[in-house]
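Protein chains get the first letters and strands the later ones, always in sequence-line order, with residue 1 at the start of each. Every value quoted in this text rests on a predicted model; they were computed, and no experiment measured them.
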2 protein chains.
Amino acid sequence: MKQKPILPVLRELAKAYQAFESYSAMHVRTMELTPPQFDIIATLGNTSGMPLKELGEKSLITKGTLTGIVDRLTIKKLVRRVSSPIDGRSQIVQLTKKGEALFARIFPAHLAHIEEAFVELSAEDLSNMQKALSQLREVFTKAHLQNKASI
Amino acid sequence: MKQKPILPVLRELAKAYQAFESYSAMHVRTMELTPPQFDIIATLGNTSGMPLKELGEKSLITKGTLTGIVDRLTIKKLVRRVSSPIDGRSQIVQLTKKGEALFARIFPAHLAHIEEAFVELSAEDLSNMQKALSQLREVFTKAHLQNKASI
DNA sequence: TATTGTTATACTCTATAACTATA
DNA sequence: TATAGTTATAGAGTATAACAATA
């Protein structure tokens with residue numbers, strides 16, 4: 001029972017993502033940011049900041065690692081830490097003025113850079129892609145949760 | 001002119017890939033391999049070996065990094081280096097007996113582990129996904145090449 | 001006791017560039 | 001001169017676990 005061509009789908013997923021990553025990373029590095037650092041800036045953009053815990057959940061980065069990334073962004077004066085007024089254990093991370101300015105400058109540029117690549121696709125193409133991808137994600141998410149639950 | 005919903009597609013791509021990666025990495029780590037190490041084993045599996053150069057092209061890992069990864073796999077006695085008989089500069093990397101045994105043991109298990117996640121998808125779903133993904137990859141690959149060419 | 005975040009450790013990967021030995 | 005691979009360097013991310021402060 002090995003009719004379903006799953007492997008080609010996985011290969012395509014990996015290749016599509018790597019192509020995106022490499023295209024995106026090239027542009028991100030011109031901003032003197034690493035991809036994880038760019039993720040954090042993008043997550044914090046247009047918000048008033050959020051606890052490190054929440055930032056970790058949104059970016060899928062574990063707390064120990066995140067402390068290091070936030071440290072490096074703090075050194076660059078792009079984010080700051082503020083103690084939470086409600087919870088003494090919690091640190092809220094937010095963009096500084098400089099971080100906001102960077103976000104405002106690079107995020108549209110980053111998007112425009114990526115949009116360039118999409119000019120030839122129709123709205124329908126995009127909608128099909130979105131459907132296929134969300135279906136794919138669901139498959140893994142469900143399976144992952146099941147595995148975790150069965151430990 | 002910002003009608004096309006590109007951002008959702010990108011988000012879905014990233015999430016789908018991360019879900020896959022995290023699902024896959026969980027299983028890979030039970031084999032005492034890192035994801036890049038698993039990639040190399042999987043690339044070498046069912047071949048008689050290949051030059052480091054070719055291995056780097058297939059796995060998208062640059063030569064300096066690859067030397068380190070192959071070193072670690074050599075220490076684990078999973079791969080070996082053999083000087084090329086044709087080109088004195090070239091080192092051919094191939095699986096050892098132990099590496100072949102590992103590949104034979106883990107690769108089907110890894111696939112089975114992933115296939116579990118796909119039981120509910122039809123062949124048509126898979127075919128649609130594959131099309132959408134290859135289209136997506138092409139978009140980035142083309143754009144990337146254009147950018148490189150324009151440097 | 002549980003949770004938030006930091007610190008510490010040790011390792012892997014990464015980019016980059018200089019270097020060697022062959023071609 | 002160009003290419004294959006190694007070595008060197010420095011940094012960045014990762015997993016993991018112990019820890020402090022607070023809830």
Item to check | Atom pair CD (A:E116) and CG (A:L111), whose distance is rounded to the nearest 0.5 Å | outcome: 11.5 Å
Checklist entry - Do A:L133 and B:L136 have side-chain heavy atoms sitting under 4.5 Å apart? => result yes
Checklist entry - Can B:D71 and B:R81 be said to form a salt bridge (charged side-chain N to carboxylate O under 4.0 Å, His left out), step by step? => result CA-CA 9 Å; B:D71 285 349; B:R81 270 178 259 238; 2.2 Å; yes
Side-chain atoms of residues 28-38 of chain B: list all donor-acceptor pairs with protein atoms under 3.5 Å, sequence neighbours left out, distances to 0.1 Å.
from	atom 1	to	atom 2	distance (Å)
B:T30	OG1	B:H27	O	2.6
B:T34	OG1	B:Q37	N	3.3
B:Q37	OE1	B:T34	N	3.4
B:Q37	OE1	B:K76	NZ	2.8

Next on the checklist: How long is the straight-line distance from CG of B:L13 back to CZ of B:F140, given to the nearest 0.5 Å?
Outcome noted: 6.5 Å
Next on the checklist: How many whole angstroms separate atom CG of A:L33 from atom C1' of D:dA12?
Outcome noted: 13 Å
So which protein nitrogen or oxygen atoms get under 3.5 Å of nucleotides 21-23 of chain C's nitrogens or oxygens?
from	atom 1	to	atom 2	distance (Å)
C:dA23	OP1	B:G88	N	2.8

Checklist entry - When you check the phosphate oxygens OP1 and OP2 of D:dT14, does a side-chain N or O of B:R29 lie under 4.0 Å from one of them? => result no
Next on the checklist: As an exercise, state the distance from CD of A:Q130 to CD1 of B:I6, rounded to the nearest 0.5 Å.
Outcome noted: 11.5 Å
Next on the checklist: Counting C-beta onward and ignoring hydrogens, is there a side-chain heavy-atom pair between A:I114 and A:F20 closer than 4.5 Å?
Outcome noted: yes
Item to check | Phosphate contact (D:dG11 OP1 or OP2) by A:T34 side-chain N/O below 4.0 Å | outcome: no
Checklist entry - Contacts to DNA chain D from residues 62-72 of chain A, heavy-atom cutoff under 4.0 Å, which residues? => result A:T62, A:T65, A:I69, A:R72
Next on the checklist: Please report the distance, rounded to the nearest Å, between CD in B:Q37 and P in C:dT14.
Outcome noted: 11 Å
Next on the checklist: Does anything in residues 46-60 of chain A come within less than 4.0 Å of DNA chain C? Heavy atoms only, and list the residues if so.
Outcome noted: A:P51, A:L52, A:K53
Checklist entry - Is there a donor-acceptor pair closer than 3.5 Å between any side-chain N or O of A:T62 and the backbone N or O of A:G64? => result no
Checklist entry - How long is the line joining NZ of B:K76 and P of C:dC11, in whole Å? => result 12 Å
Next on the checklist: In whole Å, I'd like the distance from the CG atom of A:D39 to the C1' atom of D:dA12.
Outcome noted: 14 Å
Checklist entry - Is a side-chain N or O of B:S84 found less than 3.5 angstrom from the main chain of B:Q91, in a donor-acceptor match? => result no
Checklist entry - Between atom CD1 in A:I92 and atom C1' in C:dT4, what is the gap in whole Å? => result 12 Å
Checklist entry - Taking CZ from A:F38 and P from D:dG13, how many angstroms apart are they, rounded to a whole number? => result 14 Å
Return all side-chain donor-acceptor pairs below 3.5 angstrom for residues 42-55 of chain B, not counting sequence neighbours, or 'none' if the list is empty.
from	atom 1	to	atom 2	distance (Å)
B:T43	OG1	B:D39	O	2.6
B:T47	OG1	B:L44	O	2.8
B:T47	OG1	B:G49	N	3.0

Next on the checklist: Rounded to whole Å, please give me the gap between CE in A:M26 and C1' in C:dA15.
Outcome noted: 16 Å
Checklist outcome for this item: Sequence neighbours excluded, the answer for salt bridge (charged side-chain N to carboxylate O under 4.0 Å, His left out) partners of B:E12 is A:R137
Checklist entry - For the pair made of CD1 in B:I75 and C1' in C:dT12, what is the distance, rounded to whole Å? => result 12 Å
